[in-house]
Number of protein chains: 2
Amino acid sequence: MKDHRVTTENQYTLAEEDYIKAIYHICQQSQEAQTNDIADRLHTKPASVSDMLKKLADKKVLNYIKYRGVTLTEEGMKAALNLVRKHRLWEVFLVEKLNFSWDEVHEVAEQLEHIDSALLIERLDAFLGFPKFDPHGDPIPNEKGEFVVKPHIPLGEMEIGVTGKVLAVQDISASFLQYLNKVGIYIGAKVSILDKIDYDGSLEVKLDEQKTILVSKEVAKNIFVGE
Amino acid sequence: MKDHRVTTENQYTLAEEDYIKAIYHICQQSQEAQTNDIADRLHTKPASVSDMLKKLADKKVLNYIKYRGVTLTEEGMKAALNLVRKHRLWEVFLVEKLNFSWDEVHEVAEQLEHIDSALLIERLDAFLGFPKFDPHGDPIPNEKGEFVVKPHIPLGEMEIGVTGKVLAVQDISASFLQYLNKVGIYIGAKVSILDKIDYDGSLEVKLDEQKTILVSKEVAKNIFVGE
DNA sequence: TAAATTTTTTAGACAAAACTAAAAAATACT
DNA sequence: AGTATTTTTTAGTTTTGTCTAAAAAATTTA
């Protein structure tokens, strides 16, 4: 047994899938994924990453030139988008059907995304009503890897007086999401900036036309608004 | 990373879990699990099984005396029942919520049973309405490992004239289940024996007070009836 | 641009879980 | 009981994915 997914559908091992997804996410932010960044993300050592990069390059999953970063090939991108699709669909399932809170879903979805059954994902997608966004506001690719992009900017860059909606969060750590729960910020919440405090960059935010809250610039950086 | 389930809930690797479940199922039928039987069930070689038995005995999961078969300890039984519980709950989910047919669920459930999250299973159980039996009629243990036992006998041992219900099937291979679909046998179907053919041991069976079908003794052996 | 620092790779080991081939124990058969 | 057969275990490899330590390349800094 290569790994525990004995169906013949999947071409990659569990570890390979983890690397592919990590590289995808890093490339979303910075063009090329560096060895150290991958190691950090996977809680592994740079030496281990080097080994795996060689292996994945042999398999035509990524473009690799020694000492330069890596990017995904079309093949690799397809695999990554499928993993992202599975991860986000499972997150929707956990929140919508099993009453998980948005700060509880990530770890479980990290496991569920490796389940290898195209039929399962097809049926799950239908069962959930073909959702376009996950509980953190991130888009869910369809089976072809296509996804909806809603224009959005960080909360901190919104102009005073303009009203928008919270569309997504960038930090999906439990501690950040629990903080958002506490102050009442959620995906879809109506927000506008009342004032920007020069001293520390914090923001006075009107929430759902009701209460006014103060958020730090660190928090504001991780909230995206639009519409 | 030991395996890909990074939560701290689970004590066993994926491979160990496979062995524990295989040993559980073998012991259901024959008291002690023999090395060769385990190898057959896991599509592995007896030498590999010997290695693993030693390891699992060290971990106090099973009682092992060289050249004798093995049995699960209380610890091992607890782990096995939890795996069985997870497997069968996922099977119910696939059939009830995702419209899988009962011949399509086993392989996917074999993967899903390894997902390591007590919260997930608790919530899934509630979402499904705390089912007591899986799509093949097998009982689902609760979180303490307890399960309902309905008295049942093989179809072949039912007396002529007596009416019963199909409670479970013993063979859950796709080919067997697809055959049952074809002839119209399902869990809950009303059955009675009209006649037993001496020549080959086959049975004339009245199904749902409607049609009459003929089933071989091999088929009859794998269908359990009761109530 | 040369030295210092950081990043990445190589070399060599290790653990888990599988395998083959051969030895040892248990069981079955005259 | 003694031989033959089957079952199980041991011994020695292999593969995957990890690690540490050291070497090499790239980048930053003076």
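To find a chain, count down the sequence lines: A is the first, B the second, and so on, and within it residues start at 1.
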d([atom1], [X]; [atom2], [N]) in whole Å:
X	N	atom1	atom2	result
A/Asp40	C/dT7	CG	C1'	12 Å
B/Asp18	C/dA18	CG	C1'	13 Å
B/Ile65	D/dT9	CD1	C1'	15 Å
B/Asp51	D/dT7	CG	P	19 Å
A/Leu14	D/dT18	CG	P	11 Å
A/Lys45	D/dT18	NZ	P	12 Å
A/Tyr12	D/dT16	OH	C1'	17 Å

Between A/Lys217 (side chain) and A/Gly201 (backbone), is there a donor-acceptor pair under 3.5 Å?
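Not confirmed, A/Lys217 side chain does not pair with A/Gly201 backbone.
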
Would you say [X] places a side-chain N or O within less than 4.0 Å of OP1 or OP2 belonging to [N]?
X	N	value
B/Ser50	D/dT8	no
A/Tyr19	D/dT16	no
A/Thr44	D/dT18	no
A/Thr13	D/dT16	no

Pull out every residue in residues 30-38 of chain A that has a heavy atom closer than 4.0 Å to any atom of DNA chain D, ordered by number, or say none.
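Going residue by residue through residues 30-38 of chain A, none turns out to have a heavy atom under 4.0 Å of DNA chain D.
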
Tell me every residue that passes salt bridge (charged side-chain N to carboxylate O under 4.0 Å, His left out) with B/Glu91, counting only those two or more places apart in sequence or in another chain.
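If we apply the salt bridge (charged side-chain N to carboxylate O under 4.0 Å, His left out) test to B/Glu91, skipping adjacent residues, there are no hits.
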
Could you check which of [options] has an atom nearest any side-chain atom of [X]?
X	options	result
B/Met52	C/dA18, C/dT8, D/dT18	C/dA18
B/Tyr64	D/dT9, C/dA11, D/dT18	D/dT9
A/Leu53	D/dC19, C/dT9, C/dC19	C/dT9

Side chain to side chain, A/Val61 and A/Tyr12, heavy atoms closer than 4.5 Å
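Yes, close enough: below the 4.5 Å cut-off.
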
For salt bridge (Lys or Arg N to Asp or Glu O under 4.0 Å), just list the numbers for A/Arg85 and A/Asp125, CA-CA rounded to whole Å, side-chain angles, deciding distance to a tenth of an Å, and then say yes or no.
CA-CA 10 Å; A/Arg85 168 172 163 75; A/Asp125 196 15; 3.2 Å; yes

How about A/Asp134 and A/His87: does a side-chain donor come under 3.5 Å of a side-chain acceptor?
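A/Asp134 vs A/His87: no donor-acceptor pair found between side chains.
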
Between A/Asn63 and A/Thr71, do the side chains contain an N or O donor and an N or O acceptor separated by less than 3.5 Å?
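On atom types as modelled, these side chains qualify, holding a pair under 3.5 Å.
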
Assess A/Lys150 against A/Phe224: is NZ or CZ under 6.0 Å from the centre of the six-membered ring, and within 45 degrees of the ring's axis?
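Verdict for A/Phe224: no cation-pi partner in A/Lys150.
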
Think B/Lys97 forms a cation-pi with B/Phe127, using NZ or CZ under 6.0 Å from the six-ring centre and within 45 degrees of its axis?
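Yes, B/Lys97 lies over the aromatic ring of B/Phe127.
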
Taking the ring of A/Phe93 and the ring of B/Phe93, is the distance between their centroids below 6.0 Å?
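Ring centres of A/Phe93 and B/Phe93 closer than 6.0 Å.
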
Could you list all N or O pairs between the protein and nucleotides 25-29 of chain C that sit under 3.5 Å apart?
{"unit_1": "C/dT27", "atom_1": "OP2", "unit_2": "B/Arg68", "atom_2": "NH2", "d": "3.4"}

